[in-house]
Amino acid sequence: GIQVEQSPPDLILQEGANSTLRCNFSDSVNNLQWFHQNPWGQLINLFYIPSGTKQNGRLSATTVATERYSLLYISSSQTTDSGVYFCAAETGANNLFFGTGTRLTVIP
Amino acid sequence: NAGVMQNPRHLVRRRGQEARLRCSPMKGHSHVYWYRQLPEEGLKFMVYLQKENIIDESGMPKERFSAEFPKEGPSILRIQQVVRGDSAAYFCASSPGPPGGLSSYNEQFFGPGTRLTVL
């Protein structure tokens, strides 16, 4: 299956700071999604972004499919942004392959 | 519009018992997926189903695990004779699937998960 790698594995930010999370994938994708797993374990859909750029409030994402990477930008971080951010990719077999995540801690 | 529903949210079983996990997809979604998350790890695909059909079960252990998505009712993931290594969070996801004209027909939405603890 496709390999999905995320960096950095851990990130600690002061409230108000900006950050960029990276996701590299090893093959062409039909689907690329970003999720936030909150401290209660729930997976929240952030972006469906197999290519291009999208923005939603303080979050935005860009996928450069030809170069096989995606970036998630978080601006003006808040303590509620804490949790684990997962990137997941699908190549046409319908199942998502997840990266190992970036654990974000935002401190007040 | 209710999201993906899973129950129970927490399940405790003793070794050797059976665990049944239920998943109701989002309204209008005909594709269901099950994933397992071990502590401190990402999610791993187990099985992909459509109504009355298993499409891909390549991620599911060959023994003790089975899944179904009947014509009526929720999808069920069944684990027989549970062992301690089965302790994990089990997530269900659904997607609209083609046809429909949606460019995001394969976007998956996840339920809250069932946390299985085997004593």
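Residue numbers start from 1 in every chain, and the chains themselves are labelled A, B, ... in the order their sequence lines are given, proteins ahead of strands.
Taking all atoms of both residues into account, the shortest heavy-atom contact from Phe86(A) to Glu41(B) is CZ-O, 4.0 Å.
Linking Ile, Leu, Val, Met, Phe, Trp and Tyr whenever their side-chain heavy atoms come within less than 4.5 Å puts Leu21(A) and Ile49(A) in one cluster. Note on Leu72(A) and Val29(A): same hydrophobic cluster, where clusters join Ile, Leu, Val, Met, Phe, Trp and Tyr whose side-chain heavy atoms are under 4.5 Å apart, directly or indirectly. Linking ILVMFWY side-chain heavy atoms closer than 4.5 Å, directly or via other members, places Leu46(A) and Val106(A) in a single hydrophobic cluster. Leu13(A) and Val84(A) fall into different hydrophobic clusters, where Ile, Leu, Val, Met, Phe, Trp and Tyr are joined by side-chain heavy atoms under 4.5 Å apart, directly or via other members. Taken together through direct or relayed side-chain contacts under 4.5 Å among Ile, Leu, Val, Met, Phe, Trp and Tyr, Phe65(B) and Leu11(B) form part of one hydrophobic cluster.
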Query raised in the report: Going through the distances and angles, do Phe98(A) and Tyr35(B) end up as a side chain to side chain contact (heavy atoms under 4.5 Å, CB included)?
Result: CA-CA 10 Å; Phe98(A) 280 75; Tyr35(B) 294 82; 3.9 Å; yes
Requested in this report: Begin from the C-alpha positions of Glu107(B) and Glu90(A) and carry the test side chain to side chain contact (heavy atoms under 4.5 Å, CB included) through to its verdict.
Outcome: CA-CA 10 Å; Glu107(B) 181 177 6; Glu90(A) 179 251 300; over 6 Å; no
**Report entry** Worked verdict on Phe109(B) versus Asn45(A) for side chain to side chain contact (heavy atoms under 4.5 Å, CB included)
**Finding:** CA-CA 7 Å; Phe109(B) 295 84; Asn45(A) 283 44; 3.5 Å; yes
Query raised in the report: Could you walk me through whether Asp56(B) and Asn94(A) pass the side chain to side chain contact (heavy atoms under 4.5 Å, CB included) check?
Result: CA-CA 9 Å; Asp56(B) 180 356; Asn94(A) 295 106; over 6 Å; no
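Atom CG of residue Asn31(A) and atom CD of residue Gln108(B) lie 6.5 Å apart, to the nearest 0.5 angstrom. Leu96(A) contributes atom CG, which lies 8.0 Å from atom CG of Asn106(B) (distance to the nearest 0.5 angstrom). Expressed to the nearest 0.5 Å, how far CZ of Phe35(A) lies from CZ of Phe110(B) amounts to 4.5 Å. From Leu43(B), atom CG reaches atom CG of Leu43(A) across 5.5 Å, with rounding to the nearest 0.5 Å.
Residue-environment remark: CG (Leu38(B)) exceeds the threshold of 12 foreign heavy atoms within 6.0 Å. Within a 6.0 Å sphere centred on CZ of Arg58(A), heavy atoms belonging to other residues, nucleotides or ligands number more than 12. Within 6.0 Å of the CD atom in Gln50(B), the count of heavy atoms belonging to other residues, nucleotides or ligands exceeds 12.
Residue with the most contacts toward chain A among His31(B), Glu40(B), Gln37(B), Met46(B): Gln37(B) (heavy-atom pairs, distance under 4.5 Å). Between chain B and the options Gly41(A), Ala88(A), Gly101(A), the largest number of non-hydrogen pairs under 4.5 Å is found for Gly41(A). Heavy-atom pairs under 4.5 Å with chain B were tallied for Gln42(A), Gln33(A), Gln6(A); the largest tally goes to Gln33(A).
Interface remark: Tyr33(B) contributes side-chain atoms only to the contact with chain A (heavy atom separation under 4.5 Å).
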